[in-house]
Amino acid sequence: MGMFNARKPRRFNHQYIYVDERKEKLQKMEESAKRELGMAPEKEFSPEDIRGKFVEGTTHLKRRKKSGKRPVHAGIILIIIGLLLFIWHYLQTGSWTF
């Protein structure tokens, strides 16, 4: 009857090693106090804040962004296909004209 009493896997519990929670809490408190007193500008939502987060979440996009390579555009692909068809036509017929 071991099939019906299967143990559940252990839950994921990630604990940070190099984090000073007290320091982060103090920084948040200072920031909120400065905002209340008007010494710091209000934190506003902007789409630019979110835009880079999706790229940061995936490793392959990070590597592509870091390398600086741009993806091949559809126009370049069409030109290459046309050139290959033209060469194929020459190899089939022996003339450069259609």
Side-chain angles (χ1 to χ4, degrees):
M1 294 295 163
M3 183 170 62
F4 298 108
N5 285 336
R7 292 178 51 195
K8 292 185 179 178
R10 191 171 14 139
R11 290 196 164 259
F12 180 74
N13 184 18
H14 180 73
Q15 295 183 357
Y16 293 105
I17 298 172
Y18 303 108
V19 175
D20 188 4
E21 294 173 1
R22 183 175 173 267
K23 184 177 178 182
E24 287 181 0
K25 189 175 179 181
L26 284 172
Q27 285 178 346
K28 286 181 184 178
M29 286 173 59
E30 285 179 9
E31 188 176 330
S32 65
K34 285 181 182 178
R35 282 204 185 103
E36 288 175 4
L37 294 174
M39 295 172 67
E42 289 293 323
K43 194 171 190 180
E44 296 180 8
F45 171 77
S46 65
E48 286 80 27
D49 296 337
I50 295 176
R51 187 170 294 154
K53 300 299 179 191
F54 296 108
V55 174
E56 291 173 3
T58 57
T59 56
H60 70 279
L61 291 176
K62 275 190 214 176
R63 280 185 268 141
R64 179 191 292 175
K65 190 174 182 179
K66 199 178 282 188
S67 70
K69 290 183 181 178
R70 295 176 58 197
V72 179
H73 293 288
I76 294 173
I77 293 173
L78 289 175
I79 291 172
I80 292 172
I81 291 173
L83 183 66
L84 290 174
L85 287 173
F86 190 69
I87 292 171
W88 182 54
H89 173 73
Y90 172 73
L91 293 174
Q92 291 288 324
T93 62
S95 71
W96 287 105
T97 59
F98 278 98

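The basis for the numbers below is simple: all heavy atoms, side chains too, and nothing from hydrogens, waters or symmetry mates.
Listed by chain and number, the residues in a side-chain contact (heavy atoms from CB on, under 4.5 Å) with Leu84 are Ile80 (sequence neighbours excluded). Applying the side-chain contact (heavy atoms from CB on, under 4.5 Å) test to Leu83 and every residue at least two apart in sequence or in another chain returns Ile87. Tyr16 is linked by a side-chain contact (heavy atoms from CB on, under 4.5 Å) to His14, Val19, counting only residues two or more places apart in sequence or in another chain. Checked against salt bridge (Lys or Arg N to Asp or Glu O under 4.0 Å), Glu31 has the following partners two or more places apart in sequence or in another chain: Arg35.
Here Leu26 sits alone; no ILVMFWY side chain lies under 4.5 Å from its own, so it joins no hydrophobic cluster. With a 4.5 Å cut-off between side-chain heavy atoms of Ile, Leu, Val, Met, Phe, Trp and Tyr, the cluster of Met39 takes in Leu37.
Around CD of Glu24, the count of heavy atoms belonging to other residues, nucleotides or ligands within 6.0 Å exceeds 12.
Atom-to-atom distance recorded for Leu91:CG and Phe86:CZ is 11.0 Å, nearest 0.5 angstrom.
Leu85 and Leu78 are members of different hydrophobic clusters when ILVMFWY side chains are connected at heavy-atom separations under 4.5 Å.
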